[in-house]
J.: 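Sharing a structure below in structure tokens format, with a few things to ask.
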Amino acid sequence: MRRLITILCCGLVAMLATGPAAAKPPIVEIEIRNHLFIPSELVVPANTKIKLVVYNRDPTPEEFESYELNREKIIVGKQKAIVFIGPLKPGTYPFFGEFHPKTAQGTIVAR
């Protein structure tokens, strides 16, 4: 009986310890098309980890880069990439495409 109680207590502690951490982050999607990020502004919840899915619709590679987010990821042409960001404090975080920095620009706004 003691062994059963110990096993149940350990299981309960494990469930409580992983409950909030097991929640999946919200998914936000963006496209690269004609060397532009579409949409160019993403609004995300502040203080929340985000799964950003970047679809590159162009045939050439592009790089999602942001100094403020401390992220860089190459997305091969006609492929997608996943970039986890946050949790972010409220504010605006610019990003750009390393291979086409004059046109591939955008911002993430955390509210």
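Fair warning: this is a prediction, and the values are worked out from it, not measured in the lab.
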J.: Work out which heavy atom in T103 is nearest to a heavy atom in H35; give both atom names and the distance.
T.: OG1-O, 2.8 Å
J.: Output the distance between atom CD (E63) and atom CD (E98), rounded to the nearest 0.5 Å.
T.: 5.0 Å
J.: Tell me the closest heavy-atom pair linking S66 and P94, and the distance in Å.
T.: OG-O, 2.7 Å
J.: Using a cut-off of 6.0 Å, state whether more than 12 heavy atoms not belonging to N47 lie near its atom CG.
T.: yes
J.: Heavy atoms only: give me the nearest P25-F84 pair and the separation to one decimal.
T.: CG-CE2, 3.9 Å
J.: Do you know the tightest heavy-atom contact between K102 and Q105?
T.: O-NE2, 3.4 Å
J.: To which residues is V43 joined in a hydrophobic cluster, defined by side-chain heavy-atom contacts under 4.5 Å among Ile, Leu, Val, Met, Phe, Trp and Tyr, whether direct or through other members?
T.: V109
J.: Using atom types as modelled and distance alone, determine if a side-chain donor or acceptor of T48 lies under 3.5 Å from a backbone N or O of A46.
T.: yes
J.: How far does CG of L36 sit from CD of E62, to the nearest 0.5 angstrom?
T.: 10.0 Å
J.: Name the residue from E29, E31, K80 that meets the side chain to side chain donor-acceptor pair (under 3.5 Å) definition with Y55.
T.: E29
J.: Hey, does Q79 have a side-chain heavy atom less than 4.5 Å from the side chain of N56?
T.: no
J.: Apply salt bridge (Lys or Arg N to Asp or Glu O under 4.0 Å) to R71 and list each qualifying residue two or more places apart in sequence or on a separate chain.
T.: none
J.: Through direct or indirect side-chain contacts below 4.5 angstrom among Ile, Leu, Val, Met, Phe, Trp and Tyr, which residues connect to L52?
T.: V28, I30, I32, F37, L42, V44, I50, V54, F64, L69, I75, V83, I85, L88, Y93, F95, I108
J.: Nearest 0.5 angstrom please: K78 NZ to D58 CG, how far?
T.: 7.0 Å
J.: Please evaluate residues E41 and T92 with respect to the criterion side chain to side chain contact (heavy atoms under 4.5 Å, CB included), reporting the C-alpha separation (whole Å), side-chain torsions for both, the decisive distance (0.1 Å), and the verdict.
T.: CA-CA 10 Å; E41 181 179 275; T92 301; over 6 Å; no
J.: What pair of heavy atoms forms the shortest contact from F99 to P61, and how long is it?
T.: CD1-O, 3.3 Å
